[in-house]
Every structure is written in structure tokens, then in C-alpha cells.
Amino acid sequence: MNAAPSEPVLTPAAGLEPLSDKHPRIRSRWIVTPERDGWRGYAISEWELLRAGLTDHHPHDENAFVLAGELHVEVDGLEVVARAGDNIRVPAGKTGKYWAPNFARVLGIYGPNPGGEPSHYLEYWEIDD
């Protein structure tokens, strides 16, 4: 596990890239990349959904700060709808179902994961008119 840098670190602005060929409506980039063997601070990504959804399970808290659009999140059967400026926290150890009927751009902030436990990406789907 790497220690925090002692000087400022610049991550230049970059375009979001599709997650994969199988997930074309999810685009993302890492701003603060998580360490494979774990991290004590946080990891930050920027991601967007375009008429799509995903379900995942993290060993750490995830804060989804909505930058633009509308994001729906369901945890344990409770659905919350967030718009630009809103934040939704999915607690560590819970499964979150995220979807955007139209579009959502999100700043994802992962809490500490000192053991480096993996996240599990369970489902992807597309929403068509």
C-alpha cells in the first residue's frame, strides 16, 4: 500500500472511455486510482451512464456525487433519485443498483479498503425507449 504523496499530484482532464465493448453505455476514468493491494484513503473516478444501469457490490463505502443528469440508486429495496449536486452513499458491504433512464455523470468516491478486497460487478443492462 503506497503512502500519500508529499507533494501535489496533477491528474490532467481526460475524456471518459467506454468501460468495455460489452458495456458501451458506461464510460469512465480514474482520477485517483485505487491500489490493488488496498488503500487507506480514498479512490476517485468519474463515470457516466447513458440509458443504462449496473449493479455492483463493494467492500468499501461508495459516494456517488451527481455532476449532471439523474441517477437512480437502489440498496436493500430502497430507491433514491439524485440530480446534479446530490450525493448518494452506498454503505460498504451492500449491493448497489445504479441506473440512468437518460443520462448521469457521477464523481465516484470510494472509502478506505486497506485489505484490497475486490469489488464485484454483477449486472449491466441498457434502457431503450
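One is the number of the first residue; the rest follow in order along the sequence. Owing to the predicted nature of the structure, the values given are computational and were not obtained by experimental measurement.
- Atoms CG and CG, from L49 and N102 in turn, are 11.5 Å apart once rounded to the nearest 0.5 Å.
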Worked check of side-chain contact (heavy atoms from CB on, under 4.5 Å) between I109 and V32: CA-CA 9 Å; I109 305 167; V32 176; over 6 Å; no
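- In terms of hydrophobic clustering, with Ile, Leu, Val, Met, Phe, Trp and Tyr side chains grouped at heavy-atom distances under 4.5 Å, W30 and I44 are assigned to different clusters.
- H60 NE2 to S119 OG: the interatomic distance, rounded to the nearest 0.5 Å, is 3.5 Å.
- Of the inter-residue distances, the one linking Y98 atom OH with W47 atom CH2 reads 6.0 Å to the nearest 0.5 angstrom.
- E70 and H72 share a donor-acceptor pair across their side chains, judged by distance under 3.5 Å alone.
- Ring geometry, H120 versus H57: the interplanar angle falls from 30° to 60°, so the pair is classed tilted.
- Residue N87 holds its CG atom at 4.5 Å from CG of N63, rounded to the nearest 0.5 Å.
- Relative ring orientation between Y121 and H58 is described as perpendicular, the plane-to-plane angle rising above 60° on a 0-90° scale split at 30° and 60°.
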R27 and E17: CA distance, side-chain angles, deciding distance, salt bridge (Lys or Arg N to Asp or Glu O under 4.0 Å) verdict: CA-CA 5 Å; R27 296 172 1 126; E17 298 292 329; over 6 Å; no
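- The shortest heavy-atom contact between L67 and V106 is CD1-C, 4.2 Å.
- Listed by first and then second residue, the salt bridge (charged side-chain N to carboxylate O under 4.0 Å, His left out) pairs involving residues 107-127 are R25-E126 (not counting sequence neighbours).
- Side-chain contact between L122 and T95 is present, with heavy atoms from C-beta onward closer than 4.5 Å.
- When all heavy atoms of W39 and P34 are compared, the closest pair comes out as CZ3-CB, 3.3 Å.
- Both L54 and V66 are part of a single hydrophobic cluster, where members link through side-chain heavy atoms under 4.5 Å apart.
- Across G96 and V75, no two heavy atoms sit closer than the pair CA-CG2, 4.2 Å.
- One finds the CZ atom of R89 at 10.5 Å from the NZ atom of K94 (value rounded to the nearest 0.5 Å).
- Across every non-hydrogen atom of P59 and N113, the tightest pair is CG-ND2, 3.6 Å.
- Taking all atoms of both residues into account, the shortest heavy-atom contact from A82 to I88 is CB-CD1, 3.5 Å.
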Residue pair V90, D61: steps toward the side-chain contact (heavy atoms from CB on, under 4.5 Å) verdict: CA-CA 6 Å; V90 175; D61 284 350; over 6 Å; no
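- Note: E48 CD to R105 CZ = 4.5 Å, rounded to the nearest 0.5 Å.
- Atom OH of Y42 sits in a sparse spot, with 12 or fewer heavy atoms from other residues, nucleotides or ligands closer than 6.0 Å.
- Aromatic ring centres of Y124 and W99 lie farther apart than the 6.0 Å criterion allows.
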Working for side-chain contact (heavy atoms from CB on, under 4.5 Å), residues S28 and L19: CA-CA 6 Å; S28 65; L19 191 59; 3.9 Å; yes
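- The two residues F103 and A68 have their closest heavy-atom pair at CE2-CB, 4.0 Å.
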